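Values in this document were obtained by computation on a predicted structure and should not be read as measured data. Proteins get letters first, then strands, A, B, ... in listed order; numbering begins at 1 in each.
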There are 2 protein chains.
Amino acid sequence: MHESFNESTEMYLKTIRELSIDNDLIAISALARRLEVSTVSATEMVHRLEEHKLVEHTPYKGVQLTGIGCQHAAEIIRSHRLWERFLADHLNIPWARVHEVACRLEHATDTKLTEALDAFLGHPTRCPHGNPIPQAGGVLKTAVTTTLNTLKPGLTCEIIRIHPESALLLEYLASHDVKPGNQLHIDEIAPFNGPIMVTIGEKPHALGQEIATHIFVTVIGSDA
Amino acid sequence: MHESFNESTEMYLKTIRELSIDNDLIAISALARRLEVSTVSATEMVHRLEEHKLVEHTPYKGVQLTGIGCQHAAEIIRSHRLWERFLADHLNIPWARVHEVACRLEHATDTKLTEALDAFLGHPTRCPHGNPIPQAGGVLKTAVTTTLNTLKPGLTCEIIRIHPESALLLEYLASHDVKPGNQLHIDEIAPFNGPIMVTIGEKPHALGQEIATHIFVTVIGSDA
DNA sequence: GATATTTATAAGGTTTGCCTTATAATACCT
DNA sequence: AGGTATTATAAGGCAAACCTTATAAATATC
Ligand SMILES: [Mn+2]
Ligand SMILES: [Mn+2]
Ligand SMILES: [Mn+2]
Ligand SMILES: [Mn+2]
């Protein structure tokens, strides 16, 4: 049943699942970009994954996980987010750094270890960055949220989650108090796709449009 | 400073250190045997390690860790044994299984993680199998013990440590109550390198000569 | 000292996962 | 429908770790 795949394979599966928000087809180019490999390499790898029945590839359309592929991806993400909780809550490793550490540990973790960790942690539901932890069966419950870049000035929001995560992004966000649970007020949006001026806990910050697409919030109030 | 090496490199370093009890030269054949690779592969790898100044190889004599190599090996062993403690004490993973799980985690662990884990665990000194945990600086304190195969009938001992560890060995020992802390009485030794008949907690067990070389004990009494 | 064993090296091969450059096929857009 | 952009594939290469088979060199043993 639970065959273990190598790190590379697992990163592809995980990334495909993280990119497929609405179960749609993922362009190999998008995959290559996120994994920082050439499109040719990504194509080769997708073919290999296809042979192992982990993905389905429709040429010129994109890649999609199969049932097994999706299940395995969920297990890796589950293990990743549980490790993040452990690292942050019990080992006091900085919020911005747990992601990259967990990204290594996840590949050294089998199902038994994941479940033992889950029990130890008391079955948490979200990672330190607000993202939901898939259940043992692979089910993932994502809260209804909006990305910061779609909102208008005058709104007050609660930061819910950061997605997708990356070391540099989290480092930057940490230094600007952008963390789940914090309240954020949109003061102003500069023209020409300019920065979003916000206030988080009395302090003003300027956030770029691109970064704003990674910040998922819920609106909790308006100035008017 | 703390460059990270790949899993293969780390396993070679770790194995060399574990085999060098008295700082002597390790035969490449011994290394190959324990790592379950051909001697040719081990030789190639030793050459690569030599280029990286991690080992010194004296042809027809053996391999030895350099200062850096030895330090890095200690870090891996430290991380391994700390993980074992965590897995056994906090996640309730069976005594015989923590070794193989830790052998994967150790390669996904950097110094910061190791030290955070050490602090979380309260700076333990031994792994669940009784082996000493190297200190952060690499210093390793090994208790004075004897291997079971060198002792005579009539003696009562305390089991101190199992070394070196392997999944199959630990599985076998667990099923025979051979664990650190348990008392063992040597009832009889069969001739022609036959099994050692022992009693552990009222129950009799027969242990082979080869297995006995992995069981380190201290004598605590004699029948006479 | 001759022989057997151990150890080292040489030669050729495989797999995985990456790379670049170039070309072909398809999709998208006006 | 035509042109541009995207996507796929072909071709050739590289490095790390493995493998086997064969030979050479050193060491150990009688
Ligand atoms: Mn990862
Ligand atoms: Mn996270
Ligand atoms: Mn290992
Ligand atoms: Mn151990």
Side-chain angles (χ1 to χ4, degrees), chain A residues 3-17 19-20 24-65 68-69 72-73 76 103-104 106-108 166, chain B residues 3-17 19-20 24-65 68-69 72-73 76 103-104 106-108 166:
Chain A
E3 358 166 16
S4 190
F5 303 100
N6 61 28
E7 177 155 349
S8 199
T9 299
E10 292 189 338
M11 285 306 284
Y12 272 86
L13 293 180
K14 181 180 134 175
T15 306
I16 293 168
R17 171 128 187 191
L19 287 177
S20 41
D24 48 4
L25 293 166
I26 303 306
I28 288 185
S29 56
L31 199 53
R33 204 175 315 124
R34 171 125 317 128
L35 290 166
E36 297 180 276
V37 297
S38 73
T39 55
V40 180
S41 295
T43 304
E44 284 178 347
M45 190 61 173
V46 163
H47 289 339
R48 249 174 266 141
L49 295 176
E50 218 173 4
E51 283 163 23
H52 291 276
K53 309 276 183 205
L54 294 168
V55 304
E56 272 162 26
H57 178 222
T58 315
Y60 297 103
K61 297 296 176 183
V63 207
Q64 206 176 3
L65 292 170
I68 324 148
H72 195 72
I76 303 157
C103 193
R104 279 179 275 126
E106 64 191 357
H107 310 291
S166 77
Chain B
E3 359 167 16
S4 189
F5 303 100
N6 62 28
E7 177 157 346
S8 199
T9 299
E10 292 188 337
M11 284 307 284
Y12 272 85
L13 294 180
K14 182 180 132 175
T15 305
I16 294 169
R17 172 128 187 193
L19 286 177
S20 39
D24 48 5
L25 294 166
I26 303 308
I28 289 185
S29 56
L31 198 52
R33 205 174 315 124
R34 170 127 315 127
L35 289 166
E36 296 180 279
V37 296
S38 73
T39 54
V40 179
S41 294
T43 304
E44 283 176 350
M45 191 60 172
V46 163
H47 290 338
R48 248 173 266 139
L49 295 175
E50 216 172 6
E51 281 163 23
H52 290 275
K53 309 275 182 208
L54 295 168
V55 304
E56 273 162 24
H57 178 221
T58 315
Y60 297 102
K61 298 296 175 187
V63 207
Q64 206 175 5
L65 293 171
I68 324 146
H72 195 73
I76 303 156
C103 193
R104 278 179 274 126
E106 65 192 357
H107 310 290
S166 77

_Presence of A:Arg48 side-chain N/O under 4.0 Å of C:dG17 phosphate oxygens OP1/OP2_ = yes

*Is any side-chain N or O of B:Tyr12 closer than 4.0 Å to OP1 or OP2 of D:dA16?*
no

*Are any of A:His47's side-chain N or O atoms less than 4.0 Å away from OP1 or OP2 of D:dT9?*
yes

*To the nearest 0.5 angstrom, please state how far the CG atom of B:Leu54 sits from the OH atom of B:Tyr12.*
13.5 Å

*Presence of B:Ser38 side-chain N/O under 4.0 Å of D:dC19 phosphate oxygens OP1/OP2*: yes

*A:Val40, nearest nucleotide to its side chain (from C:dG17, C:dT26, D:dT9)*: D:dT9

*Measuring from A:Thr9:OG1 to A:Arg48:CZ, what's the distance to the nearest 0.5 Å?*
8.0 Å

*Any B:Ser29 side-chain nitrogen or oxygen under 4.0 Å from OP1 or OP2 of C:dT7*: yes

*Please report, rounded to the nearest Å, how far the P atom of D:dC18 is from the CG atom of B:Leu35.*
8 Å

*Would you classify A:Ser8 as touching base, sugar-phosphate or nothing, given that sugar-phosphate means primed atoms plus P, OP1 and OP2, and contacts are heavy atoms under 4.0 Å?*
sugar-phosphate

_What contact category does B:Thr39 fall into here, base, sugar-phosphate, or nothing, at under 4.0 angstrom with non-hydrogen atoms?_
nothing

*Is the phosphate of C:dT15, meaning OP1 or OP2, less than 4.0 Å from a side-chain N or O of A:Asn6?*
no

*Do B:Ser166 and B:Arg34 come close enough that some side-chain heavy atom pair is under 4.5 Å?*
no

_Of B:Arg33 and A:Ser41, the one whose closest DNA chain C nucleotide lies more 5'_ = B:Arg33

*For the side chain of A:Tyr60, counting heavy atoms from C-beta on, which of C:dC19, C:dT26, C:dG17 is nearest?*
C:dT26

*Give a yes/no on whether any side-chain N or O of B:His57 is located under 4.0 angstrom from OP1 or OP2 of C:dA8.*
yes

*Are the side chains of B:His107 and A:Arg104 in touch, meaning some heavy atoms are under 4.5 Å apart?*
no

